[in-house]
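Below, chain A is the first sequence line, B the second, and so on; all start at residue 1.
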Number of protein chains: 2
Amino acid sequence: MKKEKNNIEFCGQTIIHDDVVRDVNERMLFDETVMALAEFFKVFGDPTRLKILYALSISEMCVCDLAALLSMSQSAISHQLKVLRQTRLIKYRKDGKVVYYSLDDDHIRHVFEQGLAHVNE
Amino acid sequence: MKKEKNNIEFCGQTIIHDDVVRDVNERMLFDETVMALAEFFKVFGDPTRLKILYALSISEMCVCDLAALLSMSQSAISHQLKVLRQTRLIKYRKDGKVVYYSLDDDHIRHVFEQGLAHVNE
DNA sequence: ATATCATATGAATACTTGTTCATATATTAT
DNA sequence: ATAATATATGAACAAGTATTCATATGATAT
């Protein structure tokens, strides 16, 4: 049996189902959690970074090679590697002048596959 | 035993390890796949959309209620719902003037949890 | 028909972001 | 030291995007 509607004003917003809103509000995620989550997914939301991650899931590579592979400037690649480093998705080791990048964690592969599964329906 | 370096120029880019680049290049994803994947993750890369998705993972809700829940304008919510609709992450049913939104698929919940698992380390 | 309410949407704006360009740093070779 | 090479980075610019504002649409009630 449907309960009757009881429209309420709250913070200038009309609430039609205050019971549902109250319930969901109590279970809502912390703002910082949502922010962190958004940042995490945002990193995967760029073709260049996805290609880099995919490439590194196959083999560690240096900046030069990644630039050649993706036909992009060394600078562009380097900037994106910085983003991936800062979000701890990749790690690196230095060997002389050359810096080798690799995935930080197999966990990343899983997220990637998860996305691929969706895209391929 | 490390193979000696054989720097090559390709499309204006220096290649240090041409064997690795060639190998990875052969296995590289199609551009359209990468694009679709980026679009998919991009949708999850916004706090407002994440909150909406999370809310809908608990209960179906109408636009009014979502606006009240997130303390945002009806218009802002409606615009984001459009994005979520177009990417087929949510579906809706109409009951008179009221439009009820819900997750399109339990699969979305899984991606969400996957992200949460990462954020919570 | 008219008013009201829930939702949708186009345009404008403010903000974010990916790439380029120029340059800096660091390591190796001469 | 000097030159060459691999990588990093700050600033500028272009392209993309989330929200607001004003308004449109569509349904219900009077």
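By the neighbour-count criterion of 12 heavy atoms within 6.0 Å, atom CZ of Arg109(B) is densely surrounded, having more than that number from other residues, nucleotides or ligands. Counted within 6.0 Å of CZ on Phe112(B), heavy atoms from surrounding residues, nucleotides or ligands total more than 12; the atom is thus considered enclosed.
Screening Val20(A), Asp23(A), Val21(A) for a side chain to side chain contact (heavy atoms under 4.5 Å, CB included) involving Ser59(B) leaves a single residue, Val20(A).
Atom CD of Gln86(A) is separated from atom C1' of dA8(D) by 12 Å (rounded to the nearest Å). Atom CG in Leu70(A) sits roughly 15 Å away from atom P in dG18(C) (whole-Å rounding). Spacing between atom CD of Glu60(A) and atom P of dT7(D) amounts to 12 Å, rounded to whole angstrom units. Atoms CD1 (Ile16(A)) and C1' (dC5(C)) sit 9 Å apart, rounded to a whole Å. With rounding to whole Å, Leu66(B) atom CG is found 17 Å from dA18(D) atom C1'. Spacing between atom CE of Met35(B) and atom C1' of dG18(C) amounts to 12 Å, rounded to whole angstrom units. Distance NZ (Lys82(A)) to C1' (dT17(C)): 14 Å, rounded to an integer number of Å.
Nearest heavy atoms, Ala68(A) versus Thr14(B): CB-O, 4.1 Å. Thr33(B) and Leu116(A) make their closest contact through CG2-CD2, 3.7 Å (heavy atoms, listed as atom of the first residue, atom of the second, distance). For the pair Leu50(A) and Val34(B), the tightest heavy-atom approach, listed with the atom from each and the gap, is CD1-O, 3.6 Å.
Counting heavy atoms from C-beta outward, Gln80(B) and Asp46(B) have side chains that approach closer than 4.5 Å. Considering only heavy atoms from C-beta on, Tyr100(B) comes within 4.5 Å of His17(A) through its side chain.
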Readout for nucleotides 23-29 of chain C: B = base within 4.0 Å of protein heavy atom, S = sugar-phosphate only, - = neither; 5' to 3' it is ----BS-
Going 5' to 3' through nucleotides 11-17 of chain D and flagging B where a protein heavy-atom sits under 4.0 Å of the base, S where only the sugar-phosphate is that close, and - otherwise, we get ------S
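In terms of phosphate contacts, Ser73(A) brings no side-chain nitrogen or oxygen within less than 4.0 Å of OP1 or OP2 of dC21(C). For dA18(D), the OP1/OP2 oxygens have no side-chain nitrogen or oxygen of Thr48(B) closer than 4.0 Å. One finds no side-chain N or O of Ser78(B) lying less than 4.0 angstrom from the OP1 or OP2 phosphate oxygen of dT7(C).
Here Tyr92(B) lies out of heavy-atom contact (under 4.0 Å) with every strand.
Taking the nucleotide of DNA chain C with the nearest heavy atom to each of Val63(B) and Met72(A), the more 5' of the two is matched to Val63(B). Each of Ala76(A) and Leu81(B) has a nearest nucleotide on DNA chain C; the 5'-most of these lies closest to Leu81(B).
Nearest to the side-chain atoms of Tyr101(A) among the listed nucleotides dA8(D), dA8(C), dT19(D) stands dA8(D). For Ser75(A), taking side-chain heavy atoms from C-beta onward, the closest of the listed nucleotides dT20(D), dA22(C), dT19(C) is dA22(C).
Between the CG atom of Leu53(A) and the OG1 atom of Thr48(A) there is a distance of 11.0 Å, given to the nearest 0.5 Å.
Between Phe40(A) and His107(A), the ring-plane angle classifies as parallel under the 30° and 60° cut-offs.
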